[in-house]
Amino acid sequence: MNSKSQASIIASSVGKLLRDNFGKGPGSIYVSISKGFVTMYLQNFLAPMERILLNQKNNLKIQETRDLLMRELIPEIKWILTSELNSGVKTILYDWELEKKSGIIFAEMEPIFNEAEEEVLDYPAKEKLHGEINRFTEKAQKTPMHLISYKLNERTIISKREQILVLIEKELIKSGFSEQLRLSKRKLEKSLINIDYIESVLKQEIQDVFVDWDFAEDAGYVVFILKTTK
């Protein structure tokens with residue numbers, strides 16, 4: 001089965017799962033399968049009750065509720081990906097842009113990239129983008145020990161930063177405050193990203209930015225969704 005057919009099946013299955021559990025599914029899901037990563041970009045995804053909370057400026061409550069639901073859904077999403085792609089799932093992460101009614105669910109699959117695959121997913125502005133990622137990561141926590149990024153398609157760049165957690169963050173995680181830490185870090189990191197600079201080096205407008213962390217592996221991810229060029 002080709003990747004387009006796989007992407008269609010994954011979009012349909014994940015869309016139904018979200019609809020059954022949130023009461024409303026995304027208006028659209030754009031699935032990208034590129035070597036070691038799968039991204040699912042959701043648009044027009046906001047349930048009626050969430051719309052009320054959003055109007056009341058209660059964004060945090062929406063994120064907390066979604067996080068609770070996603071913990072239950074991640075095993076099912078893993079099963080969908082494993083069954084369809086015949087590959088193990090290393091991690092599944094997600095993030096939301098509530099005001100834009102958009103979101104991302106993404107997975108890092110096994111096995112990891114080989115050198116030839118990395119070259120296919122390279123892009124001209126990588127060095128400058130890495131400079132900006134290092135800058136805001138250092139400001140929020142510390143400079144990554146290792147940083148990689150790939151342009152999965154014309155609209156999606158994903159980056160992975162390793163060994164970025166500082167001691168106080170590790171202690172909060174050990175003490176059971178990972179949820180509070182995640183919510184705070186999402187807001188902080190997004191506020192530090194220089195969008196104008198990134199758009200200038202990529203020569204493409206950014207539609208959405210998403211962040212999430214695998215605390216167990218001390219890894220942070222940033223996903224840039226770019227606007228289509230005319």
Side-chain angles (χ1 to χ4, degrees), residues 35-40 58-78 81-82 87-98 103-113 118 126-150 152 156-195 197-198 206 208-225:
K35 308 303 180 185
F37 288 99
V38 178
T39 60
M40 293 163 269
N58 211 336
N59 298 34
L60 192 59
K61 180 61 68 177
I62 301 173
Q63 292 197 52
E64 290 172 345
T65 304
R66 284 193 175 190
D67 282 358
L68 289 171
L69 275 170
M70 287 301 295
R71 286 178 203 165
E72 298 295 318
L73 300 184
I74 281 176
E76 295 188 59
I77 296 172
K78 281 186 176 181
L81 295 179
T82 301
S87 177
V89 179
K90 291 178 66 178
T91 188
I92 291 182
L93 299 166
Y94 56 88
D95 188 22
W96 322 105
E97 280 293 339
L98 297 174
I104 192 86
I105 302 171
F106 61 97
E108 186 174 355
M109 309 295 289
E110 297 175 343
I112 60 173
F113 290 93
E118 289 186 19
K126 176 180 281 191
E127 185 176 345
K128 291 181 178 178
L129 181 60
H130 281 199
E132 171 59 16
I133 293 172
N134 279 323
R135 183 199 65 79
F136 72 72
T137 304
E138 180 181 11
K139 197 164 185 178
Q141 50 244 301
K142 67 180 182 180
T143 305
M145 186 68 68
H146 184 54
L147 170 63
I148 60 170
S149 70
Y150 302 104
L152 305 183
T156 310
I157 294 176
I158 189 167
S159 69
K160 179 181 179 181
R161 304 161 291 164
E162 296 178 336
Q163 298 184 45
I164 59 173
L165 296 174
V166 296
L167 289 177
I168 185 62
E169 292 176 321
K170 292 178 180 179
E171 192 59 39
L172 286 168
I173 294 164
K174 287 181 183 178
S175 300
F177 294 100
S178 59
E179 175 66 13
Q180 294 89 336
L181 179 63
R182 187 183 307 276
L183 293 173
S184 298
K185 285 170 69 66
R186 279 175 179 165
K187 183 176 181 181
L188 174 62
E189 279 212 343
K190 289 180 182 180
S191 72
L192 295 173
I193 300 173
N194 189 335
I195 298 296
Y197 173 75
I198 294 175
I206 294 174
D208 273 313
V209 178
F210 300 105
V211 296
D212 202 4
W213 296 265
D214 183 341
F215 287 146
E217 296 295 326
D218 193 353
Y221 298 77
V222 186
V223 181
F224 299 97
I225 302 295

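Given the structure is predicted, the values throughout are model-derived calculations rather than measurements.
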Enquirer: Where is the tightest heavy-atom contact between Lys170 and Leu165, given as atom of each residue plus distance?
Expert: CE-O, 3.7 Å
Enquirer: Out of curiosity, Leu188 CG to Gln141 CD, how far, rounded to the nearest 0.5 Å?
Expert: 7.5 Å
Enquirer: Are there over 12 heavy-atom neighbours, none belonging to Leu167, within less than 6.0 Å of that residue's CG?
Expert: no
Enquirer: Would you say that Leu172 contacts Gln180 through its side chain, given a criterion of any heavy-atom pair below 4.5 Å between the two side chains?
Expert: no
Enquirer: In plain terms, say whether Glu217 and Lys90 are close enough for a salt bridge, that is, a side-chain N and a carboxylate O under 4.0 Å apart.
Expert: no
Enquirer: What's the shortest heavy-atom distance between Arg135 and Leu192, and which atoms?
Expert: NH2-O, 2.6 Å
Enquirer: Excluding sequence neighbours, so at least two apart, what forms ring pair (Phe, Tyr, Trp, His ring centres under 6.0 Å) with Phe136?
Expert: none
Enquirer: Hey, does Thr91 have a side-chain heavy atom less than 4.5 Å from the side chain of Tyr221?
Expert: yes
Enquirer: Grab the two heavy atoms, one from Ile148 and one from His130, that are nearest each other, plus how far apart they are.
Expert: C-NE2, 4.0 Å
Enquirer: As an exercise, state the distance from CD1 of Ile105 to CD1 of Ile77, rounded to the nearest 0.5 Å.
Expert: 4.5 Å
Enquirer: With no hydrogens and no angle check, is any side-chain donor or acceptor of Lys126 less than 3.5 Å from a backbone partner on Ser149?
Expert: yes
Enquirer: Please give me the minimum heavy-atom distance between Asn59 and Leu98, naming the atom from each residue.
Expert: O-CD1, 3.7 Å
Enquirer: Taking C-beta and beyond as the side chain, do Glu97 and Ile225 meet within less than 4.5 Å on heavy atoms?
Expert: no
Enquirer: Taking all heavy atoms of Glu179 and all of Arg71, pick out the closest pair and write down the distance.
Expert: OE1-NH2, 3.1 Å
Enquirer: For Thr137, what residues pass the side chain to side chain donor-acceptor pair (under 3.5 Å) criterion, not counting sequence neighbours?
Expert: Arg161
Enquirer: What heavy-atom pair brings Val38 and Met109 nearest, and what distance separates the two atoms?
Expert: CG2-CG, 4.0 Å
Enquirer: Under the side chain to side chain donor-acceptor pair (under 3.5 Å) test, which residues partner Asp67, sequence neighbours left out?
Expert: Tyr94
Enquirer: Can you find a heavy atom in the side chain of Lys185 that is under 4.5 Å from one in the side chain of Val211?
Expert: no
Enquirer: Drop me the distance from Glu189's CD to Asp212's CG, to the nearest 0.5 angstrom.
Expert: 10.0 Å
Enquirer: For the residue pair Gln63 and Arg182, establish whether any side-chain heavy-atom pair is separated by less than 4.5 Å.
Expert: no
Enquirer: Say you draw a straight line from CZ of Arg186 to CG of Leu181; how long is it, rounded to the nearest 0.5 Å?
Expert: 11.0 Å
Enquirer: Would you give the length of the straight line joining atom OG1 of Thr156 to atom CZ of Phe224, rounded to the nearest 0.5 angstrom?
Expert: 12.0 Å
Enquirer: Does a side-chain heavy-atom distance below 4.5 Å link Ile104 with Asp208?
Expert: no
Enquirer: Do the non-hydrogen side-chain atoms of Trp96 and Ile62 ever get within less than 4.5 Å of each other?
Expert: no
Enquirer: Mind running side-chain contact (heavy atoms from CB on, under 4.5 Å) on Ile198 and Val209 for me, showing each step along the way?
Expert: CA-CA 11 Å; Ile198 294 175; Val209 178; over 6 Å; no
Enquirer: In Å and rounded to the nearest 0.5 Å, what is the CG to CG distance from Leu147 to Asn134?
Expert: 5.5 Å
Enquirer: Determine whether Phe215 and Glu169 satisfy the following criterion, side-chain contact (heavy atoms from CB on, under 4.5 Å), listing intermediate values before the conclusion.
Expert: CA-CA 9 Å; Phe215 287 146; Glu169 292 176 321; over 6 Å; no
Enquirer: So, do Trp213 and Ile164 sit near enough that their side-chain heavy atoms are less than 4.5 Å apart?
Expert: yes
